[in-house]
Amino acid sequence: MDDLTKEFLAESMDGLDRMERCLTELEQRPGDRELLGEIFRAVHTIKGSTGFLGFNRLELLAHAGEGLLDSLRAARINATPEVVSGLLQLLDVLRQILKLIELTGGEGTRASDQDSALVALLKRLNGMEVEPNQEERGAVVEVRELPSATVSGASAASLPAYTSPTQSGGVSEQTLRVDVEVLNRMMNLVGELVLTRNQLLQVHSVTPHVAELTRRLDSVTADLRETVMQARMQPVGHLFGKFPRMIRDLARSCGKKIRLECFGQETGLDKSLLEAIKDPLAHAVRNAVDHGIEHPSARALAGKPAEGVIRLQARQHNGSVVIEISDDGKGISIARVLEKAIALEIITAERAANMSKREALQLLFLPGFSTSETVTHLSGRGVGMDVVLANVEKAGGTVELDSHEGQGTTLRLRVPLTLAIVPALVVRSAEQSFCLPQGSLAELIYVPGRDAAASIEFIGDAELYRLRETLLPMLRLDRMLGLQSQKAEDAQGFYLVVLEGEGVRFGLVVDEILPPEEIVVKPLSPVIREIGFFSGATVLGNGMLALIVDTAAIAARAGMDRLPEQETVLFSTAPEMNLQQSFLVFEDRRLESRTDRGLGREIEPGFCVGAEAELGHATERKVLPLHAVERIESVAAHQVEYVGRRALLRYRGELLALEDAGSVLAEAVPEASLTVLICHASENGRDHRYGIVVRNVLDVAMGELLEGTAPLCPERLALVNDRLAVVHEQVCLEHVLEEVS
Amino acid sequence: MSVPENGKSLVGLAAEDEVALCWLTVDGRLLGIDTRQIREVLGPRTVQAVPLAPAFIAGVLAYRGEVLTAVSLRCLLDLPSHSQESCVLVLDGGGNPFALVVDRVGGVVEIDVKSLVATSATLGTGSKALFCGAYRTPEGLLVQLDTNRLRPEHLSETGLLERETAGERGR
């Protein structure tokens, strides 16, 4: 394809996009001369160029359209919905031919590529008599393989399954129209850069001049980068421009009245991101029309104006672009969402009863979830919101859903301005620098050595950091990456980078935090991508190469699930429908392993719960529901007898199996006095008694069992006295009993 | 007799009876790479290690606005990874450039293809697949590396070095 044709295509497509916007507006303001002028120009340009390019089919159509538009301009006829529909149909055919030219180089000469029906329609609309040989007079509408054939009456029902209006990969999408002004500025800056480099090359020794040159170089690069970014930026309006037509057609097909309001169309967004959110946005708008806005009669009943409003809003906020699609429709019924979720066995009925509104709305993002009773041709097949979420997340963005029943729904897409250059936090771990994208960064915490022990809780092997009444899973970057950190001791203090994303929140322990930098993301080779931890690499200001850590992948590797059901339970210690009960708090294990981790001294026997914090110990405490404990006995160590390796105690005429998880017995001298908890358990209707040898009984306190902590640790957890404790496992006891009997 | 009209066919002709090899050494071994496969010899460079990467990956390095993956030839040849000197070459890799870390890069030698002998059987079986020929030269046997097989993608696909990788991880 020659350059001339390419240029013609790009120009014509642009013109048609403008025409589409104007046509839908024209329906609201028939007779607006400016709009008519704009539409006329678009069609006229096509007609003008087709002549010398030799596209007869286009010329014929454009000519017919021009005739109709001319009559409109001269106010000989009015812009009735029929006329607008006819013009829209013309627009579709023109666009289709342009695409055909882009693909094949020709405008199509097959028998099916005849436009006489459309030409006749346009002529008829123009008030001209159609030649008698025109047979299709009445049913003019069937223009085959049209993506949308919506003309008065006939085809309101045959609504298109709206594929995205433009197929990707075409000339018009891979090219970018850049303001000449922007290009000039870029060229100037590049010239400046070359000059500065030349000067730098001539500087042989360190002179005061160098500092000045560096400053200049710095400012030139910053400006240049900014300008190049600007060139890539496109107003969101380009995206919004597709929607008036789409909403008009969709609304007509479902017999609804809908007005579209757009705000912040001038907001700029990187071209590639604009492409990435195009489909999710179209989907959201489709949802709003189909599910959101009610039929005029239903709206009247609800006391709302018959015409529904869909609002598209774009604005910049904190280095990202927020796009909101809101409607004033019926909103989402939380009750129905939950009902459906239970029916689909996604959640249990009890879980549903405890779900917050936000959590319930999150269910809509699960694959295959739809509350719609009827599958319409527009939506309701249950394919949708999960795809929207996936697409937006792929572009580095997030999706939020908010809805008030009876008042409407708002979907909020948040995407970064650009993906090429991102602000990142530079951290060091095991003598290596890594970048953490700031998008996922929530906060930075320095934990001084003296606080380290007190603020870390252990559940099995998992470490949790106590941050303002919530427990934050802690991951160590060096260990995750299989590196050996020089700073093994927490006692020296450490940095905790709190990261958020994809439904999880966790703290990443690093050795050092360096100033943040705006990094240029470079792709990695497939072999390194395969590791799954790094999303790219960058050259830092000091010239060193640093890998960009994929924080979501780290969370996934650490086994943190993003299921919405677990999300809140995991990280909140708030009681969930569990009644308070009394627990016996005890300690059976000497915490030697803790000292290895640098968490301070060994725990002396005899300390009590209240003193823990002051002593600076991190402890793993165990608890038993108080009703399971009959007595606390003091037993001399020599009274314990052994059969094989099993420890037994003769107690009040019974033989009790002793459980000794903390190997207290092995350490005890014969004279020592042991503390044994005499417990009972009923299994299969039989009552057993057994003993637990513990190091210390600490307290009796109120607390509650926690639910849904399974992903964090295998043991059951309870919150007692506002601290976490492991519930002593009954399973182990039965095991002991079996061994004895 | 027809005279070749352009440089291309001249090169083509030359390649038929003579091959230009850039010679390099690894642990005293003499190896060669077809000069047409080499983009640039960078000399000693710091290569940024990549945690959890397969052992044959020496790391990554920045090269003309790109980040290249560097392959350690020492590792591929089952040699200890530490050496006194190191030199980085950028290889073409059929449009996907990658770096190769060797001990030292010497000069270019033009070798008569007639001096080609079969791939030496004295080399280990695991790494033998990396060679595509050996030439007898006055200095000794010059073994030519098959750059296509050195590509990181190829190495990870073939699983040639799984044994070594596992060993490295185990340590």
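Treat the numbers as computed from the prediction; the structure is a model and nothing was measured. So that the names make sense, note that chain A is the first sequence line, chain B the second, and so on, each numbered from 1.
Both the backbone and the side chain of A/Leu481 come within contact range of chain B, judged by heavy atoms closer than 4.5 Å. Both the backbone and the side chain of A/Leu545 come within contact range of chain B, with heavy atoms under 4.5 Å apart. Within the 4.5 angstrom heavy-atom criterion, only side-chain atoms of A/Met544, from C-beta onward, approach chain B.
With rounding to the nearest 0.5 angstrom, the CG atom of B/Leu52 is 10.5 Å from the CG atom of A/Leu547.
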Could you go step by step and tell me if B/Val60 and A/Leu524 meet the side-chain contact (heavy atoms from CB on, under 4.5 Å) rule?
CA-CA 9 Å; B/Val60 285; A/Leu524 291 167; 4.3 Å; yes
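No side-chain donor-acceptor contact under 3.5 Å links B/Glu153 to the backbone of A/Val527.
Nearest heavy-atom pair, B/Pro51 versus A/Phe434, reported as atom, atom and distance to 0.1 Å: CG-CZ, 3.9 Å.
Looking only at heavy-atom pairs under 4.5 Å with chain B, the residue among A/Pro526, A/Ser433, A/Gly482 that has the most is A/Pro526.
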